[in-house]
Amino acid sequence: MAEKQTAGRNELGTFAPKFAELNDDVLFGDIWSRENQLSLRDRSLVTVTTLMAQGLTDSAFRFHLENAKKNGITREEIAEILTHAAFYAGWSKAWAAFRMAKEVWSEGIGNDAMAKHAASMVFPIGNPNNGFAQYFNGKSFLAPVSKEQVGIFNVTFEPGCRNNWHIHHARNGGGQILICVAGRGYYQEWDKPAQELRPGSVVNIPVGVKHWHGAAPDSWFSHLAVEVPGEEAFNEWLEEVNDIDYIQATKGETL
């Protein structure tokens, strides 16, 4: 189903209200909504090739490329569509179209992998872990599971992401438990070999132990971080796990 378009009114509502009305209500309203006559996918295909033929590879063209991707045109199909149209529209126009199409269809590769990882577990990925980003090498995400009685958080790491070396301290009690729920990762204590973690793996981390944990180089990774209650508990964040040490710890896997 075609989404309601408001770009015309947002950009030209007061300057050219009639044009805005025709753009939003007629072109993107009446025409695009006639899916019984032509599917959204096919309308995207026609629109992209028409704009390319005119050499209009601007922000409007990018919008329609993004729309085509959303309406089901794959990376392989857009490459074939633009290759076919190049013989009719012109080689230079095809080059310009390809540059933008490559950007649009490349953007989703990481997101698709992230979505697949999210679908493999019952816990949400959550939001970017901005509060602790300075202690992570790579992107991580945080989703609170429980904040009462015992703190439990689902921490998700993109491939290659790991946190810095750190130590859990407490005057009494304290420490942390990791429960792997999806993907593949590693846990390493100082002066010990790294342990590979897979769904179901459990790691008990006592206070005073220098360690790090994160994803394998080729896999997303999520674990529940269970905060063991303790008196005057806090984390001491230390140096990052550099690429050389990380590759050695993960048995020579490349980033």
Side-chain angles (χ1 to χ4, degrees), residues 110 113-243 245-246 248-251 253 255:
M114 181 176 175
K116 184 177 180 180
H117 177 77
S120 71
M121 62 180 172
V122 297
F123 300 102
I125 282 181
N127 298 315
N129 191 13
N130 295 329
F132 291 87
Q134 61 183 313
Y135 306 121
F136 283 72
N137 190 326
K139 293 181 181 178
S140 66
F141 302 82
L142 189 66
V145 175
S146 173
K147 291 185 176 181
E148 299 181 8
Q149 295 181 298
V150 177
I152 304 176
F153 301 85
N154 187 31
V155 186
T156 296
F157 304 74
E158 69 174 355
C161 175
R162 63 275 187 188
N163 50 31
N164 290 5
W165 290 99
H166 58 286
I167 301 173
H168 301 293
H169 294 282
R171 188 167 65 85
N172 186 38
Q176 190 177 60
I177 302 171
L178 307 180
I179 304 172
C180 177
V181 294
R184 188 169 69 91
Y186 285 90
Y187 166 81
Q188 184 179 26
E189 296 180 359
W190 188 256
D191 284 336
K192 292 184 179 181
Q195 305 174 36
E196 185 180 37
L197 304 180
R198 292 182 179 273
S201 298
V202 177
V203 179
N204 288 274
I205 309 172
V207 297
V209 174
K210 184 175 179 179
H211 66 283
W212 67 267
H213 35 103
D218 62 350
S219 176
W220 284 79
F221 174 62
S222 293
H223 66 56
L224 297 182
V226 183
E227 299 176 353
V228 179
E231 297 178 17
E232 300 178 14
F234 68 96
N235 287 349
E236 179 186 4
W237 290 100
L238 304 168
E239 71 272 19
E240 70 171 27
V241 180
N242 62 47
D243 289 348
D245 291 341
Y246 174 73
Q248 290 177 343
T250 55
K251 301 177 178 62
E253 297 182 50
L255 288 167

#### Entry: Inter- and intrachain pairs under salt bridge (Lys or Arg N to Asp or Glu O under 4.0 Å), touching residues 132-156, at least two apart
none
#### Entry: Neighbour count above 12 (heavy atom, 6.0 Å) for Q149 CD
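No, because the 6.0 Å sphere around CD of Q149 holds 12 heavy atoms or fewer from other groups.
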Looking at [atom1] of [X] and [atom2] of [Y], how far apart are the two atoms once the value is rounded to the nearest 0.5 Å?
{"X": "H223", "Y": "I179", "atom1": "NE2", "atom2": "CD1", "value": "10.5 Å"}
{"X": "L178", "Y": "Y187", "atom1": "CG", "atom2": "OH", "value": "7.5 Å"}
{"X": "N204", "Y": "I177", "atom1": "CG", "atom2": "CD1", "value": "5.0 Å"}
{"X": "H168", "Y": "N235", "atom1": "NE2", "atom2": "CG", "value": "5.0 Å"}
{"X": "T156", "Y": "F141", "atom1": "OG1", "atom2": "CZ", "value": "8.0 Å"}
{"X": "F132", "Y": "N163", "atom1": "CZ", "atom2": "CG", "value": "10.5 Å"}

Which atom pair, heavy atoms only, marks the closest approach of [X] to [Y]?
{"X": "E227", "Y": "F153", "answer": "OE2-CE1, 3.4 Å"}
{"X": "E239", "Y": "N164", "answer": "O-CB, 3.4 Å"}
{"X": "P199", "Y": "G183", "answer": "CD-O, 3.2 Å"}
{"X": "G174", "Y": "V207", "answer": "C-CG1, 3.6 Å"}
{"X": "C180", "Y": "F221", "answer": "SG-CE1, 3.3 Å"}

### ring-ring contact (aromatic ring centres under 6.0 Å, His included) partners for Y135, two or more places apart
W237
#### Entry: CA sep, side-chain torsions, deciding dist, call: H213, Y186, side-chain contact (heavy atoms from CB on, under 4.5 Å)
CA-CA 6 Å; H213 35 103; Y186 285 90; over 6 Å; no
Of all residues at least two apart in sequence or in a different chain, which pass the side chain to side chain donor-acceptor pair (under 3.5 Å) check with [X]?
{"X": "Q188", "result": "W212"}
{"X": "E236", "result": "H169"}
{"X": "N242", "result": "D245"}

Show me the side-chain donor-acceptor pairs of residues 119-131 shorter than 3.5 Å, one per line, residues at least two apart or across chains.
| from | atom 1 | to | atom 2 | distance (Å) |
| --- | --- | --- | --- | --- |
| S120 | OG | H117 | O | 2.6 |
| N129 | ND2 | S140 | OG | 3.2 |

### Message
Between R184 and D218, does any NZ, NE, NH1 or NH2 come within less than 4.0 Å of an OD or OE carboxylate oxygen?
### Response
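The answer is yes: the pair qualifies as a salt bridge.
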#### Entry: Short side-chain to backbone donor-acceptor contact, H211 and I167, under 3.5 Å
no
### Query
Do S219 and P159 have side-chain heavy atoms sitting under 4.5 Å apart?
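They are not in contact (no side-chain heavy atoms under 4.5 Å apart), so the answer is no.
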### Message
If you define the side chain from C-beta out and look only at heavy atoms, does anything of V226 sit under 4.5 Å from I152?
### Response
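The answer is yes; the side chains approach within 4.5 Å.
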### Message
Less than 6.0 angstrom separating the ring centers of F157 and F136, yes or no?
### Response
yes
